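Since the structure is predicted, the reported quantities are computational estimates derived from the model, not experimental observations. Numbering of ligands and ligand atoms starts at 1, following listing order. Throughout, numbering of the chain's residues begins at 1 and tracks the sequence. Computed over heavy atoms, backbone and side chain alike; hydrogens, waters and symmetry mates excluded.
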Amino acid sequence: MNNILVVENLKKKFQISGGLFEKKEFVNAVMDVSFHIKEGETFSLVGESGCGKSTTGRLITRLVDVTEGKIVVNGKDVAQAKNSELTHLRESVQMIFQDPYASLNPRMKVKDLIAEPLVIHTKLSKEERDKLVYEMLEIVGLNAEHANRYAHEFSGGQRQRIGIARALITKPKLIIADEPVSALDVSIQSQILNLLKKLQKEFNLSYLFISHDLSVVEYISHRVGVMYLGTIVEQGDKEAIFKNPLHPYTKALLSSVPIADPTMRKEKMVLKGDIPNPKNPPSGCTFHTRCPLATDICKQQIPKMKQINDKQQVACHLVNEN
Ligand code: SF4
């Protein structure tokens, strides 16, 4: 399988203060992120809020500018792409947002909302666009009767179906789904996740799935990257990471997931302290201020990402190859 997306050493600094005569201050939202996604694969980024996972998604779609690093989509580095190249990128990479209501113009009919990317990116006639829109409504589990209504007339789950239809209408290869089910009731969440899985098979889609919810990530992903303070600390095969987490932060995150079977017990690892301020991240391993295993070297040296076995890569001084 080919790589649809390769991200290498991606960095993003946001200026948060400073002007002409003032000292500039920056926040390191993404510090050094590398991963890839293959055709037809779901790679999830998971971590606490503020870890940089949503910013990573927005960098890939170039909704925000890249400070440093590579974003290779279909073999082409788009990290510094401008104008016409960006239009092409937005045809092949689309986003699904957490709150479909906020991302859908309330004054537009559903058929126009779904057709809008075709108006921007193609030269199709109105009849050709309408035909595609009506086909797409059926594909996402809506129907022709919904076409002339407005977004506020729909439930949260139906609105997310409209958001998915809009994202798929230009036939993208890669979808970035940023917390796409976290605003929905649990019963509706599974319908949307199953729809995403069905569409992936049907159209050989690749997903970058961004979520703080480990149960959702376990259900939808093939591979997973665990983010902490702007970096990936562990990544690899979903089963391997959920069965045998190696990084202390991954262990702590997974220990907080409730188990359905009350006869099974697991040791809960509670992290001390809060996530440090990304404006002034800790030296060495950025997790050392909260890590129960931290040693002196952790405060001094940034751990490199290492291939620990054929399924997992981990950035921790104390985790080594078998
Ligand atoms: Fe903990 Fe040190 Fe490993 Fe960081 S490098 S996760 S501080 S043991």
Side-chain angles (χ1 to χ4, degrees), residues 7-13 26-36 43-56 67-69 209-215 217-218 221 223-259 265-322:
V7 172
E8 272 179 32
N9 307 112
L10 189 63
K11 294 179 189 163
K12 178 65 189 175
K13 279 182 182 191
F26 294 91
V27 66
N28 298 289
V30 175
M31 291 211 257
D32 193 355
V33 162
S34 300
F35 63 90
H36 68 273
F43 179 78
S44 291
L45 284 177
V46 66
E48 292 162 286
S49 122
C51 68
K53 53 191 191 305
S54 288
T55 305
T56 302
T67 304
E68 222 181 296
F209 196 91
I210 296 167
S211 178
H212 69 282
D213 186 332
L214 287 155
S215 316
V217 165
E218 188 175 17
S221 316
R223 289 186 307 111
V224 174
V226 180
M227 280 191 82
Y228 183 78
L229 212 66
T231 60
I232 293 182
V233 295
E234 176 162 5
Q235 65 173 310
D237 183 80
K238 184 261 307 272
E239 270 91 24
I241 289 183
F242 275 78
K243 270 195 198 127
N244 179 34
L246 296 174
H247 192 282
Y249 178 62
T250 317
K251 288 182 183 178
L253 268 190
L254 287 173
S255 79
S256 64
V257 179
I259 304 177
R265 284 172 152 261
K266 69 175 170 183
E267 210 178 311
K268 191 159 171 146
M269 199 172 146
V270 181
L271 291 177
K272 56 182 184 186
D274 295 325
I275 301 181
N277 188 340
K279 203 172 98 183
N280 192 16
S283 60
C285 172
T286 53
F287 187 53
H288 84 250
T289 53
R290 300 172 82 197
C291 179
L293 307 177
T295 61
D296 283 347
I297 189 176
C298 304
K299 295 174 193 163
Q300 291 149 17
Q301 282 182 27
I302 299 173
K304 289 204 173 85
M305 186 63 86
K306 291 174 285 193
Q307 191 76 43
I308 303 300
N309 53 45
D310 60 344
K311 302 216 161 112
Q312 279 158 288
Q313 293 181 334
V314 179
C316 171
H317 292 303
L318 301 192
V319 180
N320 291 305
E321 254 176 280
N322 295 328

Note to self: Within the 4.0 Å heavy-atom shell around His247, which atoms of ligand 1 are there?
What the structure shows: 6 (S)
Margin query: Rounded to the nearest 0.5 Å, what separates atom CG in Leu10 from atom CG in Asp32?
Written below: 8.5 Å
Checklist line | Approximate separation, where rounding is to 0.5 Å, of Ile302 CD1 and His288 NE2 | finding: 11.5 Å
Checklist line | Closest protein heavy atom to atom 5 (S) of ligand 1, given as residue, atom name and distance to 0.1 Å | finding: His317 N, 3.3 Å
Notebook entry, point to check: What atoms in ligand 1 come closer than 4.0 Å to a heavy atom of Leu318?
Noted result: 8 (S)
Item checked: Numbered atoms and elements of ligand 1 in range of Pro248, under 4.0 angstrom, heavy atoms -> 6 (S)
Next item on the list: Rounded to the nearest 0.5 Å, what's the gap from OG on Ser221 to CD on Glu239? Could you check?
Entry: 10.0 Å
Next item on the list: Return yes if some donor-acceptor pair links the side-chain N/O of Glu234 with the main-chain N/O of Ile241 below 3.5 Å, else return no.
Entry: no
Next item on the list: Starting from atom 4 (Fe) of ligand 1, locate the nearest protein heavy atom and write down its residue, its atom name and how far away it is, to 0.1 Å.
Entry: Cys285 SG, 2.3 Å
Notebook entry, point to check: Please state which protein non-hydrogen atom is closest to atom 2 (Fe) of ligand 1 and give its distance, to 0.1 Å?
Noted result: Cys298 SG, 2.2 Å
Check: Hey, looking at atom 8 (S) of ligand 1, which of Cys316, Pro292, Pro282 has the closest heavy atom?
Finding: Cys316
Checklist line | Element-labelled atoms of ligand 1 that are located less than 4.0 Å from some non-hydrogen atom of Phe287 | finding: 6 (S)
Notebook entry, point to check: Identify the closest protein heavy atom to atom 1 (Fe) of ligand 1: which residue and atom is it, and at what distance?
Noted result: Cys291 SG, 2.3 Å
Note to self: Would the distance check show the side chain of Ser283 and the main-chain N or O of Gln300 forming a donor-acceptor pair, the cut-off being under 3.5 Å?
What the structure shows: no
Next item on the list: Output yes when a side-chain donor or acceptor of Gln301 lies under 3.5 Å from a complementary backbone atom of His317, and no otherwise.
Entry: no
Next item on the list: Anything under 30° is parallel, anything over 60° is perpendicular, the rest tilted; go ahead and classify Phe287 against His247.
Entry: tilted
